[in-house]
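Report on one structure; see the data block that follows.
In what follows, every chain begins at residue 1, and chains take the letters A, B, ... in the order their sequences are listed. The model shown is predicted, which means the values in this text are computed figures rather than measured ones.
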Amino acid sequence: MSVTYLEAIRSAQERALETDPRVFIYGQDVGVFGGAFKATKNLAAAFPGRVMDAPISEDAIVGMAIGAAIEGARPIVEMQFADFSTVGFNQIVNQAATLYFRTGVSCPMVVRLPSGGTVGGGPFHSQSLEAIYAHYPGLIVMTPATVEDAYSMLLEAVTLDDPVIFCEHKLLYYHLKADKLPDSAMPSGKARVARMGRDVTLVTYSAMLHEALQAADELIEEGWQIEVIDLRTVKPLDTDTILASVARTGRLLAVGEAWPWGGVTAEVVARVTSEGFGLLDAAPMRLNAKDTPIPYHPDLWATFRPTAETIAARLRQLLTQ
Amino acid sequence: MAAAIKDEAQESEKLAQSVPLPVRAYRVMLRARIIEEKLASLYRAGMIKGGVFLGKGQEALSTASTIFLRKGDIYGPCIRDQAGRLAFGDTMLDTLRTYFGSAQGPMRGRDGNIHRGRPKEGSYAMISHLGSMMAVVGGGLYARRLRGETGAVGVTSIGEGGTSTGAFHEGVNFLAVEKLPVVIVVANNQYAYSTPNSRQFACADLLDRAKGYGIAGHRTDGTDIMACLETLEHAVSAAREGGGPQMVLASLLRLVGHGEHDDASYVDANLRKANVGRDCMEVGAQEITEAGLATVADIEAWTAEAQAEVEAALSIAQREKGPDPNNEDWRAISTERLVDGCYDDEEEDA
């Protein structure tokens, strides 16, 4: 018996609906149909009136959730693809993210963003937008890379009094499996050392964790031990865990699937260089997608984003510096 | 002293319940006009930082929008709703505290002017992005319905310019699909900042949009308090009784600039002379005196009373300190353990 990343997300929502009457789910096709990816399969029938289809109106979907949160509800809204959340961007960054600071009233809501590239996804069904949401004060941004985190972090997100942008990676939905759902979990906001190593600190998150682990496997054959850190949440960013690792390894590579300008990897490098410059034996490096829209053709897409091969190549470069 | 003013306000509210509706409404309009005149002079004297945005000419419509609301209802006001806010329970003190950025005000100096509210009391604090409050007010009502609470109504207002936004369309369509008990008050004040209606929309009649959304539409004369009261009483009742969203379209003219920095020189002189250009305060005074509900002396006394109320609130708000930057918690989220602490460390290091 195994459970997929997607089933973990569905189960977390089911559990939240079961245990907290304030929780409801709202989004396009999330009702009887069960969602474009089936993340809400059978939930509408199990929880009548609490899993509701929305019109194609990302702005209104998020706005509605904000009003419901003000009145004490705990909405989970699904953007069908992270890419479409830009239509609801204003409500997220200007309304939800400012409410607590402006009025002292918190805004407990979860915005689920099916994120990241898949084969043939193309420019508008593949985006990774964690950095742009992390840029705005007032939001918590989660990027689970494992089945266990997908489950426990989503459950925790629903209990938080603040708006959470939950970036779940579509590439992991069906293929990433665990034996069972976790009974306990690390709290959000803490990074996890996914693999110990002495030679390089490789900081990453979401689906890139798996490419990074594969690259680390390749390098071990060449005698290098790579320490891999899974950020889990990109905001807050657990700088302490990163610095502690760099203190051991003296080298840093930050890897992300998102675009290179600014963003999570840039933030990691900025923090390590400004707070831990003396820990570094070599200039820190980063690896991101190319600075173009996300291409459709599988061959273009495979080259567009970092992979185990390109990560391994970048690691070799860093190790010979 | 703040408590004393609040008690006084509650006392006068109780008294007001026993007076005829048009008089009650007119007195709210008057209080709004008078505090806004004070805000304008404070602005000219350089005593308010940032902009001042007034509702002169829209007091009748704004008052009527909320005078039929009860405790437990939801109000999402727009820029020119000083009167509607006062009728919904906002105080002159909250108004002035927010303009002065007082740490005692509901926004504690973190936001100013018309961006104020007390969300937990049903008064939502608008953001500047027009149209975005439609869905938020609807979400509040949706949560109430989910909890099995019935009878609450929401009112949210906007100008004709705001109806051009995508957020307005998405929001109203959502309200309509969910058949939520909400009144959408559209003040067609002829200009969105400087943009005339001819550059704002191409439809012959904005009220046709109600038909497009499948909701009820009502038209009223925004310069006439009696007409506004009649229309809004009907619309609020219809929403409360399960009739779904009600759109009210009122014609009037903004009798000030977009903000006090704007001399509104672009306004067509013919509009000022037309019916929409009438000042609702003058029309209202005439109506209540002709109906025998008040005398000119009554109105003078109410004016003096409202002026005294403004001065009393001002004497408090003006003396209060602004927020202390060194004592702010500078947190944008409520979950303390999830604050990204990195930037604080940088400051300490420096």
Side-chain angles (χ1 to χ4, degrees), chain A residues 21-22 24 26 49-50 52-73 75 87-88 90-91 94-95 97-108 134 136-140 160-163 187-189 233 235-237 239-240 267 271 274-275, chain B residues 74 76 106-108 110-111 115-120 122 124-129 131-147 149 152 154 165-178 180 330-335 337-342 345-346 349:
Chain A
R22 300 170 300 174
F24 71 93
Y26 189 60
R50 293 171 65 197
M52 301 295 290
D53 285 334
I56 306 174
S57 300
E58 287 81 4
D59 184 289
I61 290 169
V62 179
M64 181 276 212
I66 293 162
I70 289 171
E71 298 298 322
V87 182
N90 178 54
Q91 296 280 19
N94 286 314
Q95 192 106 254
T98 65
L99 188 70
Y100 172 73
F101 184 77
R102 294 167 66 234
T103 68
V105 173
S106 55
C107 190
Y136 278 83
L139 301 171
I140 294 163
L160 294 174
D161 285 338
D162 296 296
S188 299
T233 61
K235 193 164 191 185
L237 187 61
T239 316
D240 291 347
E267 185 70 22
R271 289 187 186 196
S274 64
E275 293 177 44
Chain B
I74 295 173
M107 311 308 278
R108 301 159 295 154
R110 293 177 172 195
D111 205 343
H115 301 111
R116 66 179 186 275
R118 293 183 179 271
K120 287 294 180 197
Y124 290 2
M126 64 174 283
I127 64 168
S128 301
H129 307 67
S132 61
M133 296 310 290
M134 302 287 137
V136 177
V137 169
L141 295 165
Y142 188 96
R144 303 277 183 91
R145 190 164 75 186
L146 204 62
R147 282 203 300 263
E149 293 175 20
T165 64
F168 176 82
H169 170 68
E170 289 194 15
V172 176
N173 182 59
F174 148 67
L175 297 168
V177 167
E178 291 295 339
L180 287 163
W330 292 109
R331 269 199 289 139
I333 58 171
S334 63
T335 313
R337 71 176 175 84
L338 291 178
V339 171
D340 195 333
C342 170
D345 293 346
E346 277 175 14
D349 293 346

Tell me, for [X] versus chain A, whether the close heavy atoms (under 4.5 Å) come from the side chain, the backbone, both or neither.
X        : result
B:Arg145 : neither
B:Arg147 : side chain
B:Met126 : backbone
B:Ile127 : both
B:Ile74  : side chain

For [X] and [Y], work out which heavy atoms get closest and say how close.
X        : Y        : answer
A:Lys235 : A:Pro137 : NZ-CA, 4.0 Å
A:Gly49  : B:Leu146 : O-CD1, 3.4 Å
A:Ala65  : A:Pro75  : O-CG, 3.4 Å
A:Tyr26  : A:Pro55  : OH-CD, 3.5 Å

If you count heavy-atom pairs within less than 4.5 Å of chain A, which of [options] leads?
options                                : value
B:Arg118, B:His129, B:Arg108, B:His169 : B:His129
B:Gly138, B:Gly117, B:Ser132           : B:Ser132
B:Gly131, B:Pro106, B:Gly171, B:Gly140 : B:Gly140
B:Glu170, B:His115, B:Met133           : B:Glu170

>> Working note: B:Phe174 + B:Met134, criterion side chain to side chain contact (heavy atoms under 4.5 Å, CB included); need CA distance, chi angles, decisive distance, verdict.
In response: CA-CA 9 Å; B:Phe174 148 67; B:Met134 302 287 137; over 6 Å; no
> For the atom pair CG (A:Leu237) and CG (A:Asp240), what is the distance rounded to the nearest 0.5 Å?
Replying inline: 10.0 Å
> Please walk me through it: do B:Val136 and A:Ile70 pass side chain to side chain contact (heavy atoms under 4.5 Å, CB included)?
Replying inline: CA-CA 9 Å; B:Val136 177; A:Ile70 289 171; 4.3 Å; yes
> Thinking salt bridges, do B:Arg331 and A:Asp162 make one under a 4.0 Å N-O criterion?
Replying inline: no
Winner by heavy-atom pair count (cut-off under 4.5 Å) against chain B, out of [options]:
options                               : result
A:Ile140, A:Asp161, A:Asn94, A:Leu160 : A:Asn94
A:Ile66, A:Asn90, A:Val87, A:Leu139   : A:Asn90
A:Met52, A:Gln95, A:Gln91             : A:Gln95

> Tell me, do A:Met64 and A:Ser57 make a side-chain contact under 4.5 Å, heavy atoms counted?
Replying inline: no
>> Less than 4.5 Å to any heavy atom of chain B: does that hold for the side chain of A:Ala97, its backbone, both, or neither?
In response: backbone
